[in-house]
Visitor: 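I'd like to ask you about the structure that follows.
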2 protein chains.
Amino acid sequence: MENRLDLVFAALSDPTRRAILTMLLEDDMAVTDVAEPFEMSLAAISKHLTILTRAGLITQEKRGRVKWCKLDPSALREASVWMQGFGQFEPVNLDAFERFLEEELREDPN
Amino acid sequence: MENRLDLVFAALSDPTRRAILTMLLEDDMAVTDVAEPFEMSLAAISKHLTILTRAGLITQEKRGRVKWCKLDPSALREASVWMQGFGQFEPVNLDAFERFLEEELREDPN
DNA sequence: CCAATCGTCAACCAATCGGTTGAATAACGC
DNA sequence: GCGTTATTCAACCGATTGGTTGACGATTGG
């Protein structure tokens, strides 16, 4: 009964999870390394990662004892298309995005 | 402490609220008329509308005893910009959006 | 004036969320 | 083999969510 879009937007509504996605934009990461900058338990981050996985925003692959997290932007497409239909926004302004990211990274990640 | 983006994405994560936004895409509506197609109480819809208002996705203006709800896509911009940065998506495909909307409208609104 | 309409408020409920801790499982390196 | 590292699981917690119902305040039309 639950829509894919429900999962994607719910996953994006948490700042910790958005920060994780931003980190993964740089590079794939192991769970422990994802957790490092946050002031919360590894278990909590592990939960966030399964939420992101269920939403299809990341994929996780286990190699040895390390589980690698990789951004999967395909799930964002659907949501992005949905949103854009409302705004008749001008073509994507990547500069604005860069500025936004900087601002968000400047904030306390908790 | 709560980010605007938190509110926007949380508001969008509920299918009832997305359906309301889609309805408002057609035209401004009174609260009672918004509630009509849904199988839930007026009070519940009223709550959904305040959540959408707090997120900045709609505005509400009271004229007489009728409160008019109006789509306000500006809040979507920020979120849309955020999302697009992840995907390097091709230019907005409005056809895809139309198809998506049709599909969503075809579903049982509850 | 008065009944009906529009919408919110308040109290309540079960379910989910975001976090914790401690134990468990699995793979590594020496 | 054994301690160490990587990650999840399970139980628990308080707060929030999405819904209900019933009462309420405001505005309307006849």
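In what follows, every heavy atom counts, from backbone to side chain, and hydrogens, waters and symmetry copies are set aside. Proteins get letters first, then strands, A, B, ... in listed order; numbering begins at 1 in each.
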Visitor: Can you name the closest pair of heavy atoms from A:Arg54 and A:Leu7 and give their distance?
Guide: O-CD1, 3.9 Å

Visitor: Would you say A:Leu42 ends up clustered with A:Leu24 if hydrophobic residues are merged whenever their side chains have heavy atoms under 4.5 Å apart, either directly or through other cluster members?
Guide: yes

Visitor: Name the nucleic acid region contacted by A:Ile51, choosing base, sugar-phosphate or nothing; use a 4.0 angstrom heavy-atom cut-off, strictly under.
Guide: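 Sugar-phosphate contact only.
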
Visitor: Nucleotide by nucleotide, 5' to 3', does protein get under 4.0 Å of the base (B), only the sugar-phosphate (S), or neither (-) in nucleotides 19-30 of chain D, counting heavy atoms?
Guide: BBB-----BB--

Visitor: Give the cluster check for B:Trp68 versus B:Leu25: same hydrophobic cluster or not, with ILVMFWY residues linked at side-chain heavy-atom distances below 4.5 Å.
Guide: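 No; B:Leu25 is not reachable from B:Trp68 via cluster members.
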
Visitor: D:dG30 pairs with which nucleotide, Watson-Crick or G-U wobble, both distances below 3.5 Å?
Guide: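 Partner of D:dG30: C:dC1.
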
Visitor: Are B:Ile51 and B:Val34 connected, step by step, through hydrophobic side chains (Ile, Leu, Val, Met, Phe, Trp, Tyr) whose heavy atoms are closer than 4.5 Å?
Guide: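 No, because B:Ile51 and B:Val34 fall into different hydrophobic clusters, even though each may have its own neighbours under 4.5 Å.
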
Visitor: Measure across A:Ala11 and A:Leu57 and return the closest heavy-atom pair with its distance rounded to 0.1 Å.
Guide: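 Nearest pair, atom of A:Ala11 first, then A:Leu57: CB-CD1, 3.8 Å.
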
Visitor: Heavy atoms of chain B, cut-off under 4.0 Å: which first and last nucleotide of DNA chain C, 5' to 3', fall inside that, if you could look?
Guide: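 Contacts span C:dA4 to C:dA11, reading 5' to 3'.
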
Visitor: In whole Å, what is the span from the CD1 atom of A:Ile45 to the C1' atom of D:dC9?
Guide: 17 Å

Visitor: Any chance you could lay out the side chain to side chain contact (heavy atoms under 4.5 Å, CB included) test for A:Asn3 and A:Phe9, step after step, and finish with the verdict?
Guide: CA-CA 10 Å; A:Asn3 200 321; A:Phe9 283 130; over 6 Å; no

Visitor: How many whole angstroms separate atom CG of A:Leu52 from atom P of D:dT8?
Guide: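 Whole-Å distance recorded here is 12 Å.
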
Visitor: How long is the span from the OG1 atom in A:Thr16 to the CG atom in A:Leu49, to the nearest 0.5 Å?
Guide: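 With rounding to 0.5 Å, OG1 (A:Thr16) is 11.0 Å from CG (A:Leu49).
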
Visitor: If two hydrophobic side chains count as joined below 4.5 Å and joins carry through other members, does A:Ile58 share a cluster with A:Val66?
Guide: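 Different hydrophobic clusters.
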
